[in-house]
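Computed from a predicted structure; not experimentally measured.
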Amino acid sequence: MIINYNKFADNFSNFKNYFFFLIYGPNYGKSEQLVGRLKKFLQHEENIDSSITVSDESLVKNKNYLNEKFYSEDLFAQKKIIYCSLQNPDILPKLLDFKKIRDKNKTIVIIKASELDKKSKIRKLFESDDKFCTIPCYEDTELEKKSVIQYYLDIEKIRLKDEILNFIVKIPMVDRNSLIQETEKIILFYKKENNISIEQIKEIINYQTSKKIDDLIYIILSGKLTFTERIHDNLLKNGVSNIQILNSMSRHFFKLLLYKEKLKIESGSENAIKHIKPPIFFKNKEKFINQAKIWSKIRICNVIERIHLLEKRIKTEPQNVDLQIKFMMFSIAKTSKALFEIT
């Protein structure tokens, strides 16, 4: 079953009778923190001392490692935690019969994964069974971002103006780890200068990088083939990874999908676009709406699937990464160009 992140994170006690947890999503820092908090809670409240980590390396050495650890008896602890962090969690149903073990209550299984599409075997399994908990970890809301920033500011006894805080939380940062890193930069600057402005914030954090990735995506979806490769190369030279670019492209297409769905129930594009979080920059609104007009739902879903498969392939086979990314970008730009010409 699917559980809202805040509902789960705010009160672990409500889920003491559950033994299987899937924590996944593009927000690595958020999922990482949640796993850490959950493990601490279980170790303290349930008095669990035994914790076993199942990694890709352990499974390469012994493909039965997970099965053996699940069924092994612990002489010193009543319960144990098995923590699985794998590049491809969809192999887990092949290694462990979850339907057979769903009623076991001596072992707690925690699975952490990156973004999983709806066709993912482990995601489908956990979402469809009311004994399994699925907690998606997506980009922090503005309120969550403010809470994270304020936590670190309070430790250093630093007070920022509301307008500065409000500016920071509106910057797209999918990973909570990035938000924490940028907050630490701000704290260091503030402690040195004893003050900080929005212009100085822009210079300190990844504001310009996020904007440049967005610029690349809008250029691709505008069908401008000649600029795509040059901007991509410049981003790579400035330390932006191909995975960051793929994640941003995937999020953009998810936004297009959400907007099209909201357009069915809302009166007009302005009302539909209000549901997009983080919000679309006002200068890009018209471009975004035009993109949604020419890209069908089927085409959008196909691109999201292609991006997801390419990201998985890059992680396992990193050869010719730049070439693969460029081919996908040109393919999307060419499709967009053709679709604009038709309309």
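Note on Glu142 versus Lys146: no salt bridge recorded, every NZ/NE/NH1/NH2 to OD/OE distance being 4.0 Å or above. A salt bridge is absent between Glu270 and Lys274; no separation between the charged side-chain nitrogens and carboxylate oxygens falls under 4.0 Å. A salt bridge is defined here as a Lys NZ or Arg NE, NH1 or NH2 lying under 4.0 Å from an Asp or Glu carboxylate O, and Asp130 with Arg102 meets this definition.
Here the shortest heavy-atom pairing between Gln200 and Asn195 reads OE1-O, 4.3 Å. Contact detail for Ile23 and Ser31: the closest heavy-atom pair is CG2-CB, 3.7 Å. Of all heavy-atom pairs between Ile52 and Tyr65, the closest is CG2-OH, 3.7 Å. For Ala9 against Phe12, the heavy-atom pair with the smallest separation is CA-CE2, 4.1 Å. Across every non-hydrogen atom of Leu86 and Ser55, the tightest pair is CD2-C, 3.4 Å. Across all non-hydrogen atoms, the minimal contact from Lys63 to Leu95 is O-CD2, 3.7 Å.
Judged by distance alone, with hydrogens and angles left aside, the side-chain atoms of Asp90 form no donor-acceptor pair with the main-chain N or O of Ser120 at under 3.5 Å. A donor-acceptor pair under 3.5 Å links the side-chain atoms of Lys145 to the main chain of Ile171, judged by distance alone. Side chain of Asn27 to main chain of Arg176: a donor-acceptor pair is present (N/O by atom type, distance under 3.5 Å, no hydrogens or angles). Side-chain atoms of Lys80 come within 3.5 Å of backbone atoms of Ser72 as a donor-acceptor pair (strictly under, hydrogens ignored). Under a 3.5 Å cut-off, the side chain of Asp129 and the backbone N or O of Leu125 do not form any donor-acceptor pair. With hydrogens and angles disregarded, a donor-acceptor distance shorter than 3.5 Å links the side chain of Asn271 to the backbone of Ser267. Between the side chain of Ser58 and the backbone N or O of Val54 there is no donor-acceptor pair closer than 3.5 Å. In this structure, Lys260 contributes its side chain and Ala292 its backbone to a donor-acceptor pair below 3.5 Å. A side-chain donor-acceptor contact under 3.5 Å links Thr335 to the backbone of Ser331. Between the Thr183 side chain and the Leu179 main chain, a donor and an acceptor come within less than 3.5 Å of each other.
Taken together through direct or relayed side-chain contacts under 4.5 Å among Ile, Leu, Val, Met, Phe, Trp and Tyr, Met1 and Phe132 form part of one hydrophobic cluster. Cluster membership for Ile217 and Ile243, using ILVMFWY side-chain heavy atoms within less than 4.5 angstrom, is shared. Residue Tyr83 is grouped with residue Tyr71 when hydrophobic side chains (ILVMFWY) are merged at heavy-atom distances under 4.5 angstrom, including chains of intermediate members. Note: the hydrophobic cluster containing Ile198 also contains Ile186 (ILVMFWY, side chain heavy atoms under 4.5 Å, direct or indirect links). Side-chain heavy atoms closer than 4.5 Å link hydrophobic residues (I, L, V, M, F, W, Y) into clusters, and following such links, even through other members, never connects Tyr24 to Ile2.
In this structure, Ile213 CD1 and Arg251 CZ are separated by 8.0 Å, a value rounded to the nearest 0.5 Å. Of the inter-residue distances, the one linking Phe41 atom CZ with Ser13 atom OG reads 4.0 Å to the nearest 0.5 angstrom. For the atom pair Lys224 NZ and Ser336 OG, the distance stands at 11.5 Å (nearest 0.5 Å). For the atom pair CD of Glu139 and CG of Asn247, the computed distance is 11.0 Å after rounding to the nearest 0.5 Å. For the atom pair CD1 (Ile101) and CG (Leu96), the distance works out to 3.5 Å, reported to the nearest 0.5 Å. Distance OG/Ser250 to CD1/Ile245: 13.5 Å, rounded to 0.5 Å.
Counting heavy atoms from C-beta on, the side chains of Leu92 and Val109 never come closer than 4.5 Å. Residues Leu257 and Cys301 form a side-chain contact, since some pair of their non-hydrogen atoms from C-beta on lies under 4.5 Å apart. Side-chain contact check for Asn6 versus Glu144: some heavy-atom pair is nearer than 4.5 Å. Within the 4.5 Å cutoff, no side-chain heavy atoms of Lys287 are placed close to those of Leu221. For the pair Ile280/Tyr259, no side-chain contact is recorded, criterion being any heavy-atom separation below 4.5 Å from C-beta on. You'll find the side chain of Met329 reaches within 4.5 Å of the side chain of Leu216, heavy atoms only. You'll find the side chain of Leu160 reaches within 4.5 Å of the side chain of Tyr190, heavy atoms only. By the 4.5 Å heavy-atom criterion applied to side chains, Pro26 and Asp175 are not counted as neighbours.
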Run the side-chain contact (heavy atoms from CB on, under 4.5 Å) test on Lys112 and Leu34 for me, step by step, so that the C-alpha distance in whole Å, both residues' side-chain angles and the decisive distance to 0.1 Å come before the verdict. CA-CA 10 Å; Lys112 182 169 75 68; Leu34 187 63; over 6 Å; no
Run Arg159 and Leu153 through side-chain contact (heavy atoms from CB on, under 4.5 Å) and show every step you take. CA-CA 7 Å; Arg159 168 89 179 160; Leu153 293 176; over 6 Å; no
Derivation of the side-chain hydrogen bond (donor to acceptor under 3.5 Å, both in side chains) call for His252 and Asp214: CA-CA 9 Å; His252 188 86; Asp214 272 351; 5.7 Å; no
Audit row: Ile111, Phe20, side-chain contact (heavy atoms from CB on, under 4.5 Å) steps and yes/no: CA-CA 8 Å; Ile111 303 165; Phe20 298 89; over 6 Å; no
Decide side-chain contact (heavy atoms from CB on, under 4.5 Å) for Lys212 and Ile231; before the verdict, give the C-alpha distance in whole Å, the side-chain angles of both, and the deciding distance to 0.1 Å. CA-CA 8 Å; Lys212 285 174 183 175; Ile231 294 173; over 6 Å; no
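Residue Lys121 places its NZ atom among 12 or fewer non-hydrogen atoms of other residues, nucleotides or ligands, all under 6.0 Å distant. Heavy atoms from other residues, nucleotides or ligands lying under 6.0 Å from CD1 of Ile155 number more than 12. Annotation for Lys337: atom NZ does not count as buried by contact number, only 12 or fewer foreign heavy atoms lying within 6.0 Å. Crowding of Ile265 atom CD1: a count of heavy atoms from other residues, nucleotides or ligands under 6.0 Å exceeding 12. Other residues, nucleotides and ligands place more than 12 heavy atoms under 6.0 Å from the CD atom of Glu156. Within a 6.0 Å radius of CD in Glu193, other residues, nucleotides and ligands contribute more than 12 heavy atoms. Within a 6.0 Å sphere centred on CG of Asn11, other residues, nucleotides and ligands contribute more than 12 heavy atoms. The 12-atom threshold is not exceeded at CZ of Arg299, counting heavy atoms of other residues, nucleotides or ligands nearer than 6.0 Å.
Aromatic pair Phe126/Phe98: centroids less than 6.0 angstrom apart. Annotation: Phe21 is in aromatic contact with Phe8 [ring centroid separation under 6.0 Å].
The cationic atom of Lys30 (NZ for Lys, CZ for Arg) lies less than 6.0 Å from the six-membered ring centre of Tyr5 and within 45° of the ring axis.
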